Amino acid sequence: MQKTVLIVSYSFPPMGLSGVVRTSKMAKALAKSGWNVVVLSATPKVYLTYDETLLQELIDAGVHIYSTPSKTPPKQDSSSPGWFERTIMKPFLGQVYFPDSAIRWKRMAIAAADGIMNDYDVSVILSVSPPLSNFVITDIIAERHQVPFILDYQDGWTKGMTVDHPQKQRSSAHMKLEHHLLNRAARIIVPSRIAKEQMIKDYRFLEHEDVMIIPAGFDRDDMVGVHLSNVHPSTMTIMHTGKADMTGHLPAFLQGFASVLKTSPDIQREVMVSFPGIVDDSLTSLIDKLGIRENVHQPGYIAHRDLFHAMSKADILLTESKSMYQIPRKIYEYIAMRKPLAIIAPEQSALASLARESGAGLLLHDVHASSMETYIRSLHSSWKLMKLPSQVPGFSETFAMDSFVDDLSIALTKAIRIS
């Protein structure tokens with residue numbers, strides 16, 4: 001008999017960007033592996049991006065999607081939140097709503113879940129964060145309908161957050177809530193080994209088998225028809241996909257890039273930086289202020305499947321993180337492309353470790369101006385001499401979604417049996 005899993009995910013296609021891709025690909029993979037997959041999501045007031053291709057492949061796979069309605073018709077607006085929203089409103093809403101502002105979805109989500117439970121014989125729930133309110137809502141649904149659930153941590157929470165911000169301890173209320181949810185969950189999923197080790201260290205009641213490592217991975221179907229050329233182009237393209245903003249190391253990278261261009265005419269003629277995706281207005285302003293517009297390409301959002309064709313034309317794929325344990329989801333799609341990886345991250349971080357394991361990582365840990373300039377020059381020099389690193393043979397295969405969907409399926413089945 002076919003088993004049914006309900007996935008609770010506040011954000012879901014047709015919304016685009018990497019924040020929803022992992023969940024949508026997981027839903028698709030479970031459906032293809034024999035599960036009846038039902039997804040409960042919200043309809044956002046604003047779509048940063050609208051990706052019909054992600055939605056269509058889910059429909060084709062037989063995934064059932066229930067999106068609670070928005071009070072007002074959703075609109076598409078690719079502009080990033082401004083200074084007021086980021087620095088005033090977001091912290092304010094974080095104080096007003098617990099555990100986050102998405103808890104306002106609770107009443108509507110629970111009502112929709114009641115209807116889903118009446119229509120489907122749901123055996124288990126898979127809850128995805130962020131936002132953390134998904135976990136709270138899932139706990140309530142599971143209790144009401146006596147169904148086991150699994151928590152999928154795409155990002156850290158409370159004690160886990162102290163890996164990156166030891167001086168910013170979260171409130172005891174958050175910690176108590178997390179303790180309660182972890183006790184209730186049949187299994188916990190995290191994206192990396194360092195995240196698993198930290199969680200078991202912080203919550204001593206967790207056993208090794210309680211926490212599974214399932215990375216974001218990539219979908220082999222996205223690679224169909226993508227041609228990986230070995231031709232050495234006349235211009236080196238460094239590409240960063242997804243959302244590009246002022247919060248990470250990209251401003252420092254662009255400042256270093258501008259300094260290099262001013263003193264090296266050959267590099268100015270031979271290097272382009274490309275940002276397919278949503279680029280923050282402040283970052284766009286910085287590009288113009290630095291006078292590097294002719295060397296920066298901003299094509300806007302590209303549909304997820306088409307993005308792989310765009311990446312195939314890049315020479316180096318760039319990502320960055322300030323986190324010790326979080327791994328940007330895009331890195332697995334970069335790995336699928338088997339391209340050299342420009343990684344700006346802490347030396348002992350999970351992202352840096354993954355890059356080193358790939359064999360294709362070009363790592364930078366020190367983001368001071370002089371180090372950034374030296375790094376960019378070394379990227380150009382390696383490209384010029386055709387000495388960019390190559391990925392370890394077979395490395396990408398370990399991160400294909402179908403290589404670990406069986407583990408997820410087993411975890412869901414065990415959760416049903418022990419309930």
Side-chain angles (χ1 to χ4, degrees), residues 2-13 15 19-42 54 58 61-68 102 105-106 109-110 112-114 116-117 119-155 157 178 181-191 195-196 199 206 209-217 219 329 401-402 404-419:
Q2 188 181 40
K3 298 182 290 291
T4 299
V5 56
L6 170 62
I7 298 178
V8 178
S9 180
Y10 183 82
S11 301
F12 203 70
M15 182 184 290
V20 303
V21 170
R22 179 180 185 272
T23 311
S24 67
K25 296 297 185 180
M26 189 178 288
K28 174 187 170 184
L30 284 170
K32 290 177 68 175
S33 68
W35 284 81
N36 186 31
V37 181
V38 185
V39 179
L40 171 60
S41 68
L54 284 173
L58 289 163
V63 176
H64 310 280
I65 305 170
Y66 290 78
S67 298
T68 57
W105 183 51
K106 183 175 75 171
I110 291 171
D114 288 342
I116 290 170
M117 293 294 181
D119 294 338
Y120 298 90
D121 183 18
V122 173
S123 305
V124 61
I125 304 173
L126 176 62
S127 185
V128 183
S129 76
L132 299 166
S133 291
N134 282 350
F135 289 174
V136 176
I137 291 166
T138 296
D139 184 34
I140 296 171
I141 296 169
E143 181 67 24
R144 283 166 70 99
H145 297 278
Q146 294 299 294
V147 177
F149 64 89
I150 290 177
L151 301 180
D152 182 4
Y153 276 71
Q154 294 194 33
D155 291 313
W157 190 19
E178 184 172 39
L181 292 169
L182 292 176
N183 259 313
R184 287 263 297 135
R187 192 66 63 91
I188 300 104
I189 296 172
V190 294
K196 175 174 179 171
M199 181 168 283
L206 292 174
E209 61 271 15
D210 293 331
V211 185
M212 297 178 62
I213 302 170
I214 298 184
D219 183 356
R329 300 169 190 94
M401 184 69 70
D402 55 13
F404 47 75
V405 70
D406 286 344
D407 292 337
L408 176 59
S409 182
I410 290 170
L412 291 169
T413 301
K414 285 184 176 179
I416 297 169
R417 289 174 181 168
I418 65 175
S419 63

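Count residues from 1 along the sequence. Computed over heavy atoms, backbone and side chain alike; hydrogens, waters and symmetry mates excluded. Just so it is clear, the structure is predicted and the values come from calculations on it, not from any experiment.
In this structure, the separation between CG on Asp407 and CZ on Phe404 is 9.0 Å, given to the nearest 0.5 Å. With rounding to the nearest 0.5 angstrom, the CD1 atom of Ile141 is 12.0 Å from the CD atom of Glu143. With rounding to the nearest 0.5 angstrom, the CG atom of Leu58 is 10.5 Å from the OG1 atom of Thr23. The line from CG of Asp210 to CG of Leu151 is 11.5 Å long, rounded to the nearest 0.5 Å. Note: Leu408 CG to Met212 CE = 6.5 Å, rounded to the nearest 0.5 Å.
For Ser409, the side chain to side chain donor-acceptor pair (under 3.5 Å) criterion is met by Trp35, not counting sequence neighbours. Under the side-chain contact (heavy atoms from CB on, under 4.5 Å) criterion, Thr4 pairs with Asn36, Val38, Tyr120, Val122, sequence neighbours left out. Listed by chain and residue number, nothing satisfies the salt bridge (charged side-chain N to carboxylate O under 4.0 Å, His left out) test with Asp119 (two or more places apart in sequence, or in another chain). Pro131 meets the side-chain contact (heavy atoms from CB on, under 4.5 Å) test with Tyr10, Asp100, Ala102, Asn134; sequence neighbours excluded. Residues forming a ring pair (Phe, Tyr, Trp, His ring centres under 6.0 Å) with Phe149 (at least two apart in sequence, or on another chain): none. With sequence neighbours excluded, the residues forming a salt bridge (charged side-chain N to carboxylate O under 4.0 Å, His left out) with Lys28 are Glu57, Asp219, Asp221, listed by chain and number.
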message = Quick one, Leu30 with Leu412, criterion side chain to side chain contact (heavy atoms under 4.5 Å, CB included). Give me CA distance, side-chain angles, the key distance, then yes/no.
response = CA-CA 10 Å; Leu30 284 170; Leu412 291 169; 4.0 Å; yes
inquiry  = Does Leu6 form a side chain to side chain contact (heavy atoms under 4.5 Å, CB included) with Val8? I'd like the steps, not just the answer.
reply    = CA-CA 6 Å; Leu6 170 62; Val8 178; 4.3 Å; yes
task = Apply side chain to side chain contact (heavy atoms under 4.5 Å, CB included) to Ile188 and Ile150, showing your working.
result = CA-CA 6 Å; Ile188 300 104; Ile150 290 177; over 6 Å; no
key: Worked verdict on Leu40 versus Ile7 for side chain to side chain contact (heavy atoms under 4.5 Å, CB included)   = CA-CA 6 Å; Leu40 171 60; Ile7 298 178; over 6 Å; no
ask   = Going through the distances and angles, do Arg144 and Asp114 end up as a salt bridge (charged side-chain N to carboxylate O under 4.0 Å, His left out)?
value = CA-CA 9 Å; Arg144 283 166 70 99; Asp114 288 342; 2.6 Å; yes
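Judged by distance alone, the side chain of Arg184 and the main-chain N or O of Pro148 form no donor-acceptor pair under 3.5 Å. The closest donor-acceptor contact from the side chain of Gln2 to the backbone of Gly34 lies under 3.5 Å.
Of all heavy-atom pairs between Ile137 and Ala109, the closest is CG2-CB, 3.9 Å.
Between Lys32 and Asp402 no salt bridge is recorded (no basic side-chain N to carboxylate O distance below 4.0 Å).
Counted by atom type alone, Ser41 and Ser9 present zero donor-acceptor pairs between their side chains at under 3.5 Å.
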